[in-house]
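Below is one structure, written out as structure tokens; comments come after it.
Hydrogens, waters and symmetry mates are skipped; everything else that's a heavy atom, side chains included, is used. As the structure is a computational prediction, the values presented were derived from the model and not from experiment.
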Amino acid sequence: MPRRRGAGLRLSALSCTAFSALIGFSVVFLMVIAFAYLITKIDAADTVISVMTSAALCAGAYAGGFVSAKKRRKNGLFMGVLCGLFMFFVIFIISTFFAQTISGFSGSAKLVMTLVFGALGGIVGVNSKSRRL
């Protein structure tokens, strides 16, 4: 019998990725709303807006990778990269569907950013202390 209640329950990589991507998208959404409010107060150039959206994407990828690795408790680098890749492709598909293009940074630069920040979040998430009940 396991010592902890949830010790025997390991979530699959796909379910962890889907759940953590929802968390990551929530972070992106909240940051975009905060940046939109900030933009209404100041007059920002298109490059500043592009940097803000890229920062929101990086923060969301980091949060998604962190949650994914924290839930799975192993393979932090892989889980973070998987979450970042999933988030990038969902945002890429949505942006090409609605805007027919990705403006600002190129798509490959955003891919690298989401992979790097997702991997960093995964590494930090798997190496952070877990609360024991």
Side-chain angles (χ1 to χ4, degrees):
M1 179 167 244
R3 294 175 70 176
R4 294 186 335 212
R5 272 182 15 188
L9 179 65
R10 292 277 183 185
L11 298 175
S12 70
L14 188 59
S15 66
C16 278
T17 302
F19 175 73
S20 62
L22 285 175
I23 299 294
F25 289 136
S26 300
V27 169
V28 170
F29 181 72
L30 291 174
M31 287 189 71
V32 165
I33 287 177
F35 288 149
Y37 177 75
L38 183 65
I39 289 171
T40 61
K41 298 298 179 189
I42 62 171
D43 188 27
D46 289 341
T47 56
V48 174
I49 295 170
S50 177
V51 169
M52 286 180 175
T53 57
S54 296
L57 181 62
C58 290
Y62 180 85
F66 182 85
V67 170
S68 178
K70 190 82 166 164
K71 286 273 190 205
R72 187 76 193 253
R73 298 301 302 161
K74 64 178 183 177
N75 300 335
L77 182 66
F78 173 72
M79 293 303 296
V81 167
L82 186 65
C83 181
L85 190 66
F86 180 72
M87 286 182 66
F88 172 77
F89 280 122
V90 168
I91 289 176
F92 181 77
I93 290 169
I94 290 172
S95 67
T96 55
F97 179 70
F98 286 112
Q100 281 82 29
T101 185
I102 294 181
S103 62
F105 288 113
S106 67
S108 59
K110 286 188 179 185
L111 173 64
V112 169
M113 286 189 298
T114 56
L115 292 179
V116 167
F117 279 91
L120 286 173
I123 291 169
V124 171
V126 82
N127 290 320
S128 64
K129 289 185 178 181
S130 64
R131 290 188 283 169
R132 295 195 179 174
L133 300 174

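- No continuous path of ILVMFWY side-chain contacts below 4.5 Å connects Val51 to Ile49, so the two sit in separate hydrophobic clusters.
- Through direct or relayed side-chain contacts under 4.5 Å between Ile, Leu, Val, Met, Phe, Trp and Tyr, Ile93 connects to no other residue.
- Rounded to the nearest 0.5 angstrom, Met52 CE and Thr47 OG1 are separated by 10.0 Å.
- Here the CZ-CZ distance, from Arg72 to Phe78, works out to 8.0 Å after rounding to the nearest 0.5 Å.
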Show me the side-chain donor-acceptor pairs of residues 19-38 shorter than 3.5 Å, one per line, residues at least two apart or across chains.
residue : atom : partner : partner atom : Å
Ser20   : OG   : Cys16   : O            : 2.8
Ser20   : OG   : Thr17   : O            : 3.1
Ser20   : OG   : Gly64   : O            : 3.4
Ser26   : OG   : Leu22   : O            : 2.8

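- The distance from atom CG of Leu77 to atom CG of Leu82, rounded to the nearest 0.5 Å, is 11.0 Å.
- Cluster annotation: Leu111 is connected to Val81 through the hydrophobic network of ILVMFWY side chains, with a link wherever side-chain heavy atoms come within less than 4.5 Å.
- The environment of Asn127 atom CG is dense: over 12 non-hydrogen atoms of other residues, nucleotides or ligands sit within 6.0 angstrom.
- Here the closest non-hydrogen pair linking Ser54 and Lys110 is OG-CE, 3.8 Å.
- Looking only at distances, no side-chain donor or acceptor of Lys70 sits under 3.5 Å from a matching main-chain atom of Gly122.
- Residues forming a side chain to side chain donor-acceptor pair (under 3.5 Å) with Ser108 (at least two apart in sequence, or on another chain): Ser106.
- Thr114 is not listed as a side-chain neighbour of Leu85, based on a closest heavy-atom distance of 4.5 Å or more.
- Under the 4.5 Å side-chain heavy-atom criterion for grouping Ile, Leu, Val, Met, Phe, Trp and Tyr, Val112 is not connected to Phe89 through any hydrophobic cluster.
- Closest approach of Met113 to Cys58, counting heavy atoms only: CB-SG, 3.7 Å.
- From Phe66, atom CZ reaches atom CD1 of Ile123 across 12.5 Å, with rounding to the nearest 0.5 Å.
- Criterion: ILVMFWY side-chain heavy atoms under 4.5 Å apart, direct or through other members. Under it, Leu57 and Phe97 are part of a common hydrophobic cluster.
- Here the side chains of Met79 and Val126 are not in contact, with every heavy-atom distance at 4.5 Å or above.
- Summarising the local packing, OH of Tyr62 is surrounded by more than 12 heavy atoms from other residues, nucleotides or ligands at distances under 6.0 Å.
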